[in-house]
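We use all heavy atoms of the structure for the numbers below, so side chains are in, but hydrogens, waters and symmetry mates are not. Quick caveat: nothing in here was measured; it's all calculated off a predicted structure.
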Amino acid sequence: MCILWLRNAYNMVLHKFGEKLYTGFIATMTSHLKEKSKLIEAAQGGSFLEELNKKWNEHNKALEMIRDILMYMDRTYIESTKKTHVHPMGLNLWRDNVVHFTKIHTRLLNTLLDLVQKERIGEVIDRGLMRNVIKMFMDLGESVYQEDFEKPFLDASSEFYKVESQEFIESCDCGDYLKKSEKRLTEEIERVAHYLDAKSEEKITSVVEKEMIANHMQRLVHMENSGLVNMLLNDKYEDLGRMYNLFRRVTNGLVTVRDVMTSHLREMGKQLVTDPEKSKDPVEFVQRLLDERDKYDKIINTAFGNDKTFQNALNSSFEYFINLNARSPEFISLFVDDKLRKGLKGITDVDVEVILDKVMMLFRYLQEKDVFEKYYKQHLAKRLLSGKTVSDDAERSLIVKLKTECGYQFTSKLEGMFTDMKTSEDTMRGFYGSHPELSEGPTLIVQVLTTGSWPTQPAVPCNLPAEVSVLCEKFRSYYLGTHTGRRLSWQTNMGTADIKAIFGKGQKHELNVSTFQMCVLMLFNNSDRLSYKEIEQATEIPAADLKRCLQSLACVKGKNVIKKEPMSKDIGEEDLFVVNDKFTSKFYKVKIGTVVAQKETEPEKQETRQRVEEDRKPQIEAAIVRIMKSRKILDHNNIIAEVTKQLQPRFLANPTEIKKRIESLIERDFLERDSTDRKLYRYLA
């Protein structure tokens, strides 16, 4: 039968009846489909879609057969007349007579949307049937799918999620809301995979993102007791990660998260560094900073995918609040001093290296790196001179890190300190080699420090005990005899001594003390009782230093090798002192008077600041000269900007000070003002 139809169709086209055949095909199929649509429309309840799907499958099979029968017409007549081919025409007729049939069109859409709604509220639907019916829309053409299903589907979804998101946000905390949003997104992606066009995924996820995330961003991040700040404070990595992944899907989502995090960080950091109570212990102060940095590093790595923009926000926040406390450079140096001193238990070389890397991270935030250098040099000097550094390797490791960060100029003097220590060892071997008679009796170890490399210390007067003074003179003669054109100035305030003492009933101890403390204790070899005035007259130690010295010897529990009368914490000029015959310690070696991580007093702080300001002047002038030598002519504002930029790695130059340095250079004929424009400067070669 099919062969006969094929032959008849062929003959009709061959004998110029193609038009009749084509119009007859359309008319017959139209009539047939109208009958089909009535049957579909008559189906009730759940059988409506089943009937539609059944008739659609029948239509497709019939259409394939008709296309084969009318193949010759398709290739010749339709091709030449530019009419619609048989198969597409069959689909168009189904669209016009079935899908767009008034009594089917609205009912079909409502049925599909109702099934989607049921699935969203947890009911189970026939996904296979849904897939077949929706695929029918896709087979009828992209525009049919979009206009007849996708657009109404997206509109209904938008309304659904608008209502649901409002219900959720009124009843859930932020974490639960994000979980529900994430679940809804996953469901919609799965729905697309099961029975929608793949191109719909981006559109439906955009609807969910807009209604559930974008429209509620501000409320979510600021939600009381559960918003972003609460998540940060309580290390809720899972919730933070979910927020990051959801917010990154919407415009300005991550900007919103980042801004709130930055604001919180700055406020938290400001409270931390400006709280007088938290600034009392420098080591604890810096440790809190490091702990906070570790905490937020972990949050960014774990929850925020190591996002560089969040890392930059973290860095800018730390730089902001660390520099709110003018003592941060001093405290960071004191923290290093605490960690690099001997005597810390359970700390390995690896631990030290980790600590140094963290310190360098804080160091990078400092705007006044030269202030840190000033304090670090003082603390390093004390460690080296007292032999209390944890290891030379650790000290040199930090210097290498500082050199990498700031250049050779920053560390040249620090490296010179290590050179002096090594040279001093060689000098002492030579000294004792030339004085073999000194092998018995007191031993003197001298560190010869190069002026300029070490922190400048004013010479403090002190009368050394006769036994020590003799050794000092012999060393002076030896050193000046082997080096010409040099001067020696004894820094007794920087020295230490180990002295052997016998208490009470012959109890022996070795006391590690400062040079000043040694001078005081040696006086008791010849006297049982001494007044403050007698000690002051015999040693000539300045009053402030002497009082601190006596306080550490007489008023510190467990270290009170002498007794004070009357007993009190403060030293008075009428006080009397005697050896504490009842002194006991479970240690043979007793260390007295070393205070680790001691902050500067206010006068000392002012003095250090003044020295820093003085050191900055030649650096500012050098920068001005370098710039002007290169540019020849430059206006005032540009000089300020370029000098500030050039000196930024070391410190933040004050524009007022730059102006003063310009005036000074003009007075010394390095620069001159332009004759017509006073804000323009010329370099004088």
Quick one: does any side-chain atom of [X] pair with a main-chain N or O of [Y] as donor and acceptor, under 3.5 Å?
X	Y	answer
S333	Y376	yes
N245	G241	yes
N53	L49	no
T404	V400	yes
N306	N301	no
N638	L634	no
H264	V260	no
S263	D259	no
S158	L154	no

So does [X] have more than 12 non-hydrogen atoms from other groups sitting under 6.0 Å from [atom1]?
X	atom1	value
K679	NZ	no
K55	NZ	yes
K270	NZ	no
K38	NZ	no
K401	NZ	yes

Checking side-chain contact (heavy atoms from CB on, under 4.5 Å) between L178 and each of L246, L240, D173, which is the one that passes?
L246
Give me the atom names and distance for the closest heavy-atom approach of [X] to [Y].
X	Y	value
A653	I658	CB-CD1, 3.8 Å
M243	C174	CE-SG, 3.6 Å
S200	E150	OG-OE2, 2.7 Å
L63	G90	CD1-CA, 3.6 Å
N325	V273	ND2-O, 2.8 Å
A313	T262	CB-OG1, 3.5 Å

Salt bridge (Lys or Arg N to Asp or Glu O under 4.0 Å) for D139 and K135? Distances and angles first, verdict last.
CA-CA 6 Å; D139 291 344; K135 188 177 183 302; 3.2 Å; yes
Under the criterion side chain to side chain contact (heavy atoms under 4.5 Å, CB included), I'd like the reasoning laid out for I121 against E123: C-alpha separation, chi angles, the key distance, then a yes or no.
CA-CA 6 Å; I121 62 175; E123 293 186 27; 4.0 Å; yes
Check this for me, if you would: do [X] and [Y] make a salt bridge, where the nitrogen-to-carboxylate-oxygen distance has to be below 4.0 angstrom?
X	Y	value
E119	R191	yes
D114	K118	yes
E182	R242	yes
R120	E188	yes
E170	R219	yes
K295	E292	no

Heavy-atom distance under 4.5 Å between the side chains of [X] and [Y], does that happen here?
X	Y	answer
F168	D176	no
E142	K199	yes
L196	F153	yes
P329	K369	no
Q166	V163	no
F304	R248	no
F247	V221	yes
R184	E187	yes

Interatomic distance, [X] atom [atom1] to [Y] atom [atom2] [nearest 0.5 angstrom]:
X	Y	atom1	atom2	value
L115	M130	CG	CE	5.0 Å
T106	H100	OG1	NE2	10.5 Å
R131	M136	CZ	CE	15.0 Å
T656	R661	OG1	CZ	12.0 Å
E201	E190	CD	CD	11.0 Å
M217	M212	CE	CE	14.5 Å

Flag for [Y]-[X]: side-chain donor and acceptor within less than 3.5 Å:
X	Y	result
Q287	D291	yes
R258	T309	yes
N312	N315	no
Q271	D275	no
E211	S165	no
Q311	D297	yes

Qualifying residues under salt bridge (Lys or Arg N to Asp or Glu O under 4.0 Å), relative to K377, sequence neighbours excluded:
none
Counterpart residues, salt bridge (Lys or Arg N to Asp or Glu O under 4.0 Å), relative to D96 (two or more places apart)
none
Pair K151-Q146, side chain to side chain contact (heavy atoms under 4.5 Å, CB included): steps then yes or no:
CA-CA 6 Å; K151 190 174 182 303; Q146 290 175 349; 6.0 Å; no
Please verify the inter-ring angle class for Y177 with H216; under 30° counts as parallel, over 60° as perpendicular, anything in between as tilted.
perpendicular
F149 and Y145 aromatic ring geometry - parallel, tilted or perpendicular at 30°/60° bounds:
tilted
Between D294 and K358, is a side chain to side chain contact (heavy atoms under 4.5 Å, CB included) present by the stated rule, with each step listed?
CA-CA 9 Å; D294 287 345; K358 289 182 177 182; 2.7 Å; yes
Decide side chain to side chain contact (heavy atoms under 4.5 Å, CB included) for F335 and L362; before the verdict, give the C-alpha distance in whole Å, the side-chain angles of both, and the deciding distance to 0.1 Å.
CA-CA 11 Å; F335 179 83; L362 294 183; over 6 Å; no
Is the distance between the ring centroids of Y244 and F310 under 6.0 Å?
yes
Ring-ring centroid check F321 F318, cutoff 6.0 Å:
yes
